[in-house]
Amino acid sequence: MISAIDFILMQKRFYKSNGVSYRRVTELSEVVGMEEATVQLNKIFQWNSSLDTFDNISFSSNTIEKIMETKNVSRKYIDNDIKTRKLVLNLMVKNNLRSNEVVSKIIDFYYFNRDKLIFLLKNSPNYFLRFNHV
């Protein structure tokens, strides 16, 4: 079954001094294979607790290489697509667009017309609120 897994995401619960707990994804690793019944991982991102950010700690990814080969696209194309997705996610956070219905609609919209999506997120983010509780 491990061959069906591409990534492993590690999450940890932290506790503040006032007793409030929160979770953070601490690591994202790519499954690259098996060696003597041991899963071989390529750690790609690691959480930087002092800055509360993610650091990219791997220069290569087997999954990205597979995507490039399958879709016949360049690394530059992949990098631009990742930047666009990051922009969309940041705009969603900035505009507090987080319900399941809204996120689902934004993902659908991304694949239908990403340029219009970015325009709406920048200029009319309330457009997506109409999809709450559909």
Which atoms form the tightest heavy-atom contact between [X] and [Y], and what is the distance?
X      : Y      : answer
Val102 : Leu97  : CG1-CB, 3.8 Å
Leu41  : Val32  : N-CG2, 4.1 Å
Asn18  : Val20  : OD1-N, 3.0 Å
Thr84  : Ile118 : CG2-CD1, 3.7 Å

Would you check if [X] and [Y] make a side-chain contact, meaning some heavy-atom pair closer than 4.5 Å?
X      : Y      : value
Asn90  : Lys86  : yes
Lys116 : Phe109 : yes
Tyr110 : Val88  : yes
Asn96  : Arg98  : yes
Asn62  : Val31  : no
Tyr15  : Tyr22  : no
Ile106 : Leu121 : yes
Arg75  : Met68  : yes

Verify the cluster assignment for [X] and [Y]: are they in a single hydrophobic cluster under the rule of side-chain heavy atoms below 4.5 Å apart?
X     : Y      : value
Leu89 : Leu120 : yes
Phe54 : Leu9   : yes
Ile82 : Leu117 : no
Val25 : Ile57  : no
Ile8  : Ile44  : no

Subject >> Pair Thr53-Asn48, side-chain hydrogen bond (donor to acceptor under 3.5 Å, both in side chains): steps then yes or no >> reply: CA-CA 5 Å; Thr53 60; Asn48 181 329; 4.5 Å; no

**OP:** May I ask you to decide if Tyr127's main-chain N or O and Ser124's side chain share a donor-acceptor pair within less than 3.5 Å?
**Re:**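 Looks like no, no N/O pair under 3.5 Å.
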
**OP:** Could you tell me whether Asp79 and Lys83 make a salt bridge, using a distance below 4.0 angstrom between a side-chain N and a carboxylate O?
**Re:**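 Salt bridge: no.
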
Please determine whether the number of non-hydrogen atoms from other residues, nucleotides or ligands lying under 6.0 Å from atom [atom1] of [X] exceeds 12.
X      : atom1 : value
Phe14  : CZ    : yes
Phe119 : CZ    : no
Gln11  : CD    : yes
Met10  : CE    : no
Asn72  : CG    : no

**OP:** Could you check Thr26 against Gln46 for side-chain contact (heavy atoms from CB on, under 4.5 Å), going step by step and ending with a plain yes or no?
**Re:** CA-CA 6 Å; Thr26 56; Gln46 185 167 331; over 6 Å; no

Inter-residue atom distance [X].[atom1] - [Y].[atom2], 0.5 Å rounding:
X      : Y     : atom1 : atom2 : answer
Met34  : Gln40 : CE    : CD    : 8.5 Å
Lys122 : Lys94 : NZ    : NZ    : 9.0 Å
Ser61  : Phe7  : OG    : CZ    : 5.0 Å

Between [Y] and [X], do the side chains contain a donor N or O and an acceptor N or O under 3.5 Å apart?
X     : Y     : value
Trp47 : Asp52 : yes
Glu27 : Ser29 : yes
Ser58 : Asn42 : yes

**OP:** Assess whether salt bridge (Lys or Arg N to Asp or Glu O under 4.0 Å) is satisfied between Arg114 and Asp81, documenting all intermediate values.
**Re:** CA-CA 10 Å; Arg114 75 178 69 175; Asp81 194 46; 2.6 Å; yes

**OP:** Determine, stepwise, if the pair Glu30 / Asp6 fulfils side-chain contact (heavy atoms from CB on, under 4.5 Å).
**Re:** CA-CA 6 Å; Glu30 177 180 41; Asp6 293 318; over 6 Å; no

